[in-house]
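Just so it is clear, the values below take in all heavy atoms, side chains as well, and ignore hydrogens, waters and symmetry mates. Note that ligands are numbered from 1 as they come in the structure, with each ligand's atoms numbered from 1 the same way.
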Amino acid sequence: MTEAPKKTSTPTRWTKETLRDPHHRADKARRVEAMFDAIAPTYERVNTVVSFGRDAAWRHVTVAAGDVRETDVVLDVACGTGDMLRTFAAAQPPPARLIGVDFSARMLALGQYDDVATPIHLLRADAQRLPLADESVDIISCAFGVRNFQNLQAGLDEMGRVARPGGRVLILEFSTPSNPLIGWAHRLYVQRVLPVLGTLISRDKTGAYKYLPRSVATFESRDTFLRRLNDAGFSNITVRSMNLGGVILYRGEKRRSGGTL
Ligand SMILES: C[S@@+](CC[C@H](N)C(=O)[O-])C[C@H]1O[C@@H](n2cnc3c(N)ncnc32)[C@H](O)[C@@H]1O
């Protein structure tokens, strides 16, 4: 008699237990990479649906905040399938060169750049060890990426290392609205509706759309994040709230030697 094949569960699946404290798990990076590899084919579609198409506007605001010049080299850290890179390429004027870094091979492979005229280089690498020279880029963006880093400070320090003095850093992330009523409605949507919608569309088995609200709710405070950006070498930091406080854009400038801009 042949044995029925054992039902294997996804080893990197987010569970109630692993979601208790996702940012402090030693295997966070491995889980995050496997999760994005799994959801890559439907990643952009889910974003459009669950954000009601608003994510495009958040990206445009981010690119506008970069004050792109035609000589600029732009690095998009955790570029995924390239939404930010394409938005930078559409800037007026467009930058001279685009570099995208991500550690998910499948997210990188599924990026569409047919309409991008700006030279673009995609690198598979960890944001905590960027394969780029010191002070070699003018603008660094990272949209919905930093929350996923294993070691947040190491990732921000790398951005500080590769940014040219005076260069701009643009970090787009989800946040929690401070208004109690909006916060209640927001929680209801991101914790109850979004996971169901995201999982249905993507047919995800990794728990990605449960990780999303949990990783936002347990991410560090705005003040701690601002201190980290400062420690990574950025000054003149401004914060812009969007989507009634559900999305936040940090913009900073790399300090020139001597500590001031
Ligand atoms: C939510 S997606 C964002 C993708 C893209 N920035 C966007 O706005 O659509 C997060 C991306 O970060 C990547 N990522 C997370 N941690 C990373 C790390 N340590 N190094 C490189 N990429 C990382 C994931 O593979 C994934 O593609």
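- Where the criterion is an N or O separation shorter than 3.5 Å, residue side chain and backbone included, Val77 fails it with respect to ligand 1.
- Residues satisfying the side chain to side chain donor-acceptor pair (under 3.5 Å) criterion with Asp223, sequence neighbours excluded, are absent altogether.
- Geometrically, ligand 1 and Val32 share no nitrogen or oxygen pair separated by less than 3.5 Å.
- Heavy-atom proximity to Phe144, at under 4.0 Å, picks out these atoms of ligand 1: 1 (C), 2 (S), 3 (C), 8 (O), 10 (C).
- At a 3.5 angstrom cut-off on N or O pairs, Tyr43 counts as close to ligand 1.
- The salt bridge (Lys or Arg N to Asp or Glu O under 4.0 Å) test with Glu173 singles out one residue from Arg240, Arg147, Arg222, and that residue is Arg147.
- Taking any N or O of Gly145, backbone or side chain, none lies under 3.5 Å from an N or O belonging to ligand 1.
- With respect to the salt-bridge test (charged N to carboxylate O, under 4.0 angstrom), the residues Glu33 and Arg30 do not qualify.
- Taking the ring centre of Trp14 as origin, the terminal cationic atom of Arg214 falls outside the region bounded by 6.0 Å and 45° from the ring axis.
- Close to ligand 1: Arg59, with a non-hydrogen atom less than 4.0 angstrom away.
- Ranking protein heavy atoms by distance to atom 20 (N) of ligand 1, first place goes to Ala127 N, 2.8 Å.
- The shortest heavy-atom distance from Ala29 to ligand 1 is not under 4.0 Å.
- At a 4.0 Å heavy-atom cut-off, ligand 1 touches Ala125 through the backbone alone.
- Ligand 1 has a nitrogen or oxygen under 3.5 angstrom from a nitrogen or oxygen of Asp126.
- Remark: His23 engages Lys28, Thr218 in a side chain to side chain donor-acceptor pair (under 3.5 Å) (not counting sequence neighbours).
- Looking only at heavy atoms of the protein, atom 16 (N) of ligand 1 is closest to Phe103 CZ, 3.4 Å.
- Ala78 CB, 3.1 Å is the protein heavy atom nearest to atom 12 (O) of ligand 1.
- Atom CZ of Arg54 has 12 or fewer heavy atoms from other residues, nucleotides or ligands within 6.0 Å.
- Looking only at heavy atoms of the protein, atom 27 (O) of ligand 1 is closest to Asp102 OD2, 2.7 Å.
- The neighbour count for Asp134 CG, taken as heavy atoms of other residues, nucleotides or ligands under 6.0 Å away, is above 12.
- In summary, of the residues considered (Leu85, Ile139, Leu130), a side-chain contact (heavy atoms from CB on, under 4.5 Å) with Leu75 occurs for Leu130 alone.
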